[in-house]
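As structure tokens, the structure follows; a few thoughts come after it.
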Amino acid sequence: MADPADQREQKYRQYHPYQSLYDVPINNLYNLPTSPEILFDEEAAKSRRSWGENLQYYTGCGYLAGSILGGAKGSLEGLRAAEAGDTFKLRLNRVLNSGGQIGRRFGNSFGVVGLIFAGLESGLYHYRDSDDVLNSVLAGLGTGALYRAAKGPRSAAIAGAVGGITAAMAVAGKHALKRYVPI
């Protein structure tokens, strides 16, 4: 004799919200395109970011890097400044305050450097009408000189040289990374 519970299961089917997904091959769900998806054809023809995108990118990266470096430096200074009789809460407060203060200062400084660099590089691209390594090196040179111009001509010249060398090393590192690291 049949169990009444078995008869109920035959009449009513239990709802399963993912049942329609069982028929879809799993490979089609997770095969993502490897090329960039471009909405407009005009964007596909561009080979570089616009000046506004460059400005936002370099300023944001500079602020983020400066905040991280300054926060780490400030936290270390806060740890060194701790006194023997301080409680844990007092030490933690000292570390957080010092890290936040120095991180904010470094972040703002690096963000300004990124802003100047992006503006100079975009201006050089527009003026020279070519996108090559020389634009980045000249922009680095000009960024260092402009950033330290208030400290005097000697300081501006040294900072300009450091900025140009740093930009050249960054471009060389980028090219070496593209060539030797398969991504």
Side-chain angles (χ1 to χ4, degrees), residues 24 26-76 96-183:
V24 177
I26 196 75
N27 291 338
N28 291 341
L29 282 177
Y30 297 108
N31 266 347
L32 298 176
T34 56
S35 63
E37 296 181 9
I38 307 289
L39 189 58
F40 301 109
D41 291 333
E42 299 87 35
E43 292 177 357
K46 290 191 331 182
S47 63
R48 69 186 310 266
R49 291 187 293 261
S50 70
W51 70 270
E53 291 168 341
N54 254 356
L55 194 72
Q56 187 173 6
Y57 176 76
Y58 286 126
T59 304
C61 286
Y63 184 82
L64 181 64
S67 295
I68 290 171
L69 290 173
K73 182 179 187 282
S75 297
L76 288 175
L96 291 175
N97 285 340
S98 179
Q101 182 180 14
I102 295 175
R104 191 172 43 250
R105 192 172 353 128
F106 274 39
N108 288 336
S109 297
F110 280 38
V112 167
V113 168
L115 181 79
I116 295 170
F117 180 81
L120 287 176
E121 189 181 41
S122 294
L124 285 167
Y125 172 73
H126 179 71
Y127 178 72
R128 294 183 62 232
D129 200 28
S130 68
D131 189 20
D132 55 0
V133 176
L134 188 60
N135 286 347
S136 297
V137 173
L138 290 175
L141 185 95
T143 298
L146 279 175
Y147 187 72
R148 298 295 286 194
K151 300 271 186 188
R154 183 171 184 246
S155 178
I158 292 171
V162 168
I165 291 169
T166 304
M169 288 186 342
V171 169
K174 179 182 173 185
H175 287 299
L177 204 76
K178 278 185 177 179
R179 183 173 180 177
Y180 296 114
V181 177
I183 295 179

> For K73, which residues count as a side chain to side chain contact (heavy atoms under 4.5 Å, CB included) partner, sequence neighbours excluded?
Replying inline: E77, F106
> Which pair of non-hydrogen atoms, one from V113 and one from T143, has the smallest distance, and what is that distance?
Replying inline: O-CG2, 3.6 Å
>> Going by side chain to side chain contact (heavy atoms under 4.5 Å, CB included), name the residues that satisfy it together with Q56, two or more places apart in sequence or in a different chain.
In response: none
> Can you name the residues that form a side chain to side chain contact (heavy atoms under 4.5 Å, CB included) with L115, not counting sequence neighbours?
Replying inline: L55, T59
> According to the salt bridge (Lys or Arg N to Asp or Glu O under 4.0 Å) rule, which pairs have a member within residues 149-174, sequence neighbours left out?
Replying inline: none
>> Using the side-chain hydrogen bond (donor to acceptor under 3.5 Å, both in side chains) criterion, which residues pair with N97? Sequence neighbours excluded.
In response: N93
> Taking it one step at a time, do Y63 and V112 satisfy side chain to side chain contact (heavy atoms under 4.5 Å, CB included)?
Replying inline: CA-CA 8 Å; Y63 184 82; V112 167; over 6 Å; no
> How would you list, by chain and number, every residue that makes a side chain to side chain contact (heavy atoms under 4.5 Å, CB included) with L134, sequence neighbours excluded?
Replying inline: R128, D132, L138
> If you take all heavy atoms of G74 and S98, which pair is closest and at what distance?
Replying inline: O-OG, 2.8 Å
> Which pairs with one or both residues in residues 115-174 pass ring-ring contact (aromatic ring centres under 6.0 Å, His included), sequence neighbours excluded?
Replying inline: Y58-F117
> What residues form a side-chain hydrogen bond (donor to acceptor under 3.5 Å, both in side chains) with S136, not counting sequence neighbours?
Replying inline: E121
Under 3.5 Å, which donor-acceptor pairs link side chains of residues 158-170 to any protein atom two or more places apart or in another chain?
{"residue": "T166", "atom": "OG1", "partner": "V162", "partner atom": "O", "Å": "2.7"}

>> Tell me whether N135 contacts the main-chain N or O of S122 through its side chain, where contact means a donor paired with an acceptor under 3.5 Å.
In response: no
> Would a 4.5 Å heavy-atom cut-off, applied to side chains only, mark N54 and S50 as touching?
Replying inline: no
> So how far is it from R105 CZ to Q101 CD, rounded to the nearest 0.5 Å?
Replying inline: 6.0 Å
